[in-house]
Each structure stands twice: as C-alpha cells, then as structure tokens.
Protein chains: 2
Amino acid sequence: MKQISESNPLQDFFEMDIRPYISLKEFEPDEFIIREGERPTYLYYLLEGRAKLFISQENGSISLINFIEAPCFIGEMELLDANRLPQGLKAISTCSCYQIDISGCGDRILRDVKFLRYLCRFLSTKATQNTDNYMRNQSYPLKIRLAEFILKMAVNGYYREPHTEAAEFLGVTYRHLLYVLAQFVKEGILEKTKQGYEVKKTEALRGLIKNEVHNSQY
Amino acid sequence: MKQISESNPLQDFFEMDIRPYISLKEFEPDEFIIREGERPTYLYYLLEGRAKLFISQENGSISLINFIEAPCFIGEMELLDANRLPQGLKAISTCSCYQIDISGCGDRILRDVKFLRYLCRFLSTKATQNTDNYMRNQSYPLKIRLAEFILKMAVNGYYREPHTEAAEFLGVTYRHLLYVLAQFVKEGILEKTKQGYEVKKTEALRGLIKNEVHNSQY
DNA sequence: GCCTCCATGTGAGAAATCTCATATAATGGA
DNA sequence: TCCATTATATGAGATTTCTCACATGGAGGC
C-alpha cells in the first residue's frame, strides 16, 4: 500500500485534490473486496481485473448476481446511499485498485460536481449497456451463455464454479447445466480434472459467442 | 401548459430555484415523448403513466427495449451526455409530466449538487432493480412473462401490440408467441376482437405472475 | 388494379429445457 | 464417528420453445 504523490489518472474525475486520499491495493483471486453487509471504508477504482457480485437470499443461500469489469468504480452506491446494504464482491482474477479513503473526504466527494457528473454518466451508460446485454442474451440457448460464463469465470485456464451457483445465475436447471457441460467435454472443449474443468479450446468457446451474435442480426 | 407558481414537489430535488422553468404537460397514449435522434429540449419528470423505450436497429427495424414507469425523470441521460443519441420514447397510457426547460437552465442543473446526487442514487437503485428483475425473469416460461407484458401494455382493457415487436422484446419466436396467445384465448383470459385482444380475466394474468414469483422461493 | 413487402396465422417435427426419481460423494456439525 | 445436509451425477419422459414450410391479408408504390 504505497502513497501516490505525482499526477494520477483518477484525479481527472474530481475537482477537489483527491490525491492525498489515494493508495494502491491488490486483491487476490477469491478474496473479498467488499463483504456483504459490511460498510466499506474505501471507494475503489478498479484498474485491472474481474470481480463477481453476490447477494444472499432470505433463505440463506448465496446468489451470484453480476460481474464487475475494469475500469470502474466500486462502492459508489454505498457511498451515495448510506442506507443501502452493501452486496458482497469477490475478486475473480487478481484485481488492482486505487482505494480512496472516504472517512477522510467522503462528504467532500459527495459535493464534487465533476465527480457526481461523471458518476451519473457512467451509471446511465452502464444501465443502457446492461439492458442491451440482457436483451441480447435472453434469446440465446444455454450453450452460448455458458460459453461466455466460462470465459468470464476461468482463472489460469481452469473453470471451477460450483454448478449450483452457476445454474442459478444462468437461469437454468442444474440438470440442464450438467448436460451442456457434458457436451463441451464430449466435444473436447473442456476436460474434467481434479482442479476443475480445464479449458482446452478457448477459441471454440469464443467462436460460439461470435457466431451467435452475428446470426442474430436478421 | 400552465405555469407553476407555488410550492412544487420537484423543487425538493434541487438546490437552485427550479420553479420558474417548470410547466405541466400531458401526452396521450401512443404519442411520442421523445423522438429517436431528436435532442429533447426539456427534462421531464413523469408524474403518472407508463411509456415504452424504442431503438432502431442498423437494419432499419424498430425494437422495444424497456419500460418507463412513474415517478421518474425522463431525458436525464441526454442532458448529462450531449453526445448520446436519444432513444425514442412513446406514451403507453396517458402520461402527465412536469417539463423543465433546459435551454434556460441546463448548465445550472448540471452544477446542482443536490440534483446530481439524487440522480446518482436513482440511477444506481434502478440498475440494481433492473438486474434483480432480469435475473428473476429469465427463468420464467413465456406464459408468465407474457402475462406481465400484457398487463403492462394494455390500455383500457385492450392489448394491441404488434406481435413481431412483442416477440422480439420477449426474446421468443413469433411462432411461439402466437402459440401462447392462442392458449390464453382458449382459456378465456383473452378474447380476440377487431380492436385487439380484450383482456377478459385480468386476475388470471396477475395470478400467473404471483404464483410463479412465490414458487421460485425454493 | 397489380405487385411487393410484411405482419399475421397454422402445422409438424426437432431441439432445448424442465421435472422427477434416484444414487453417490463431500461437508459440516453433534 | 455418525448423521444430516448439500453438491455432484445420470436417466427418462414431459413441456417449452425453435425451425421451417407454407398460406392469407393488408398497405403502399406504380
């Protein structure tokens, strides 16, 4: 955790001098960036890496609900709305972030017009992208969505998500997920090992996605 | 279009005095609130009514992409980002709005901390809701999603969306949409007339949705 | 009027997905 | 250790949804 002193790209998002509050922070794969229900003491800006958002249901089970991809802010919702209960966020790959100590400057950030404007633009752009994404995705068969999912979740060439979690996220039954995974294994795209499913043909997965996207332009 | 002079609920969202720029405006069903590609001259706040968001594809066809429901701002994305090309928005039911003349105060609004903060909170809450909604929906069979869709789209008890548009929005084939609509007719939930499908059993549609939501809590 | 285009509508078989039943590890308490 | 719970795994039949083929009707251009 070293201090940033010189010019910093993050400074572009603010009118105030944010640099005194910034430090660098890395999270290892599977490490929690934010624990569910625990109010974060930092506002993060994810420079590199992927993370997954969780929420736990009334019945106690945990659900994967979304992905976070660099570059973007993390924890801005909790900063904006003190009443919102934070969702859990866990690193997929190594995540390097700037962390901004909001205990020192949270109220000033919330009066920084440049930052608020940037955030509004970012959030509305993301909303549009999310909608597009949902619309595009909903008509694809599991084979395609699973291909995307595996590529997003794989670390060092290995896919090792719990099937129950994946099935819920993908909106299909456990049974059917297993069925399609078995197809991938039969086609030699995946190989089952003790460390998880090894991705043998990344290109085949990418191909599935690309073809489907293009076919849908009818 | 009458002037608002006394206290106004919209004022709560702003630090500046917004009242001089506000007027009331009503849109009839099927009337465009924003035409695609045409930069709106007002920021709207929808008080009552429902509207649908459109976008036209590269190939010239038009796609329904989302719903807007009161109360919420309309046109805030275009205000925030002058480069964004506006999506089309059409009233489903009668929509009453406040309209804020941004030619007179757009730059002041964009420096209004209270407004920007409200908008950030609103956008992030909406993003969360959208995600939840999408997650919940994706696993439902068409029967359920169509029930919701019909309830949202019906005006005065009549559903009359073009099937091509509806099928695309719901992410199913035209063929299958027709099949499920025919089921609804057979069950006496809908009745086909020259003015569109008449909704005969609103409660049956609501029941479909509710049951499915509850069943999914396993 | 005639032609084209597109939305509407129907049938039949195939593919995707679900339900249910059942069995075997793996995991976490008591 | 043993038990209870949960994740993993597979089979078989039912339901949902898709594909494709084809027919009809309306709207606009000429």
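The chains referred to below are lettered A, B, ... by the order of the sequence lines, with proteins before strands, and numbering in each begins at 1.
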Whole angstrom value for the distance that separates P of C/dA25 from CG of A/Leu178: 16 Å
Spacing between B/Glu161 atom CD and C/dA7 atom P, to the nearest angstrom: 14 Å
Side chain of B/Thr164 - closest among C/dT17, D/dC18, C/dA7: C/dA7
Shortest side-chain distance from B/His163, nucleotide among C/dG9, D/dA9, D/dT16: C/dG9
Gap between atoms CD and P, on A/Glu165 and D/dT6 respectively (whole Å): 15 Å
pair A/Lys152-A/Ile92: side-chain heavy atoms closer than 4.5 Å: no
Interatomic distance where CD belongs to A/Gln138 and P belongs to D/dC18 [whole Å]: 10 Å
Nearest-angstrom distance from the residue atom OH of B/Tyr174 to P of C/dT10: 9 Å
Spacing between A/Tyr159 atom OH and D/dT8 atom P, to the nearest angstrom: 9 Å
Value rounded to 0.5 Å, distance of CD1 in A/Ile100 from CD1 in A/Ile109: 5.0 Å
Near-ring test A/Tyr159/A/Phe184, centroid separation under 6.0 angstrom: no
Whether A/Phe13 and A/Tyr118 hold their rings parallel, tilted or perpendicular, with breakpoints at 30° and 60°: tilted
Rounded interatomic separation in angstrom, taking CD from B/Gln183 and P from D/dT15: 12 Å
Nearest-Å distance for atom pair NZ/C1', residues A/Lys143 and C/dT17: 15 Å
Options D/dT16, D/dA9, C/dC18, nucleotide nearest the side-chain atoms of A/Val172: C/dC18
Residue closer to the 5' end of DNA chain C, B/Arg175 versus B/Pro162 (nearest nucleotide): B/Pro162
N/O (side chain, A/Lys192) to phosphate O (OP1/OP2, D/dT8) under 4.0 Å: no
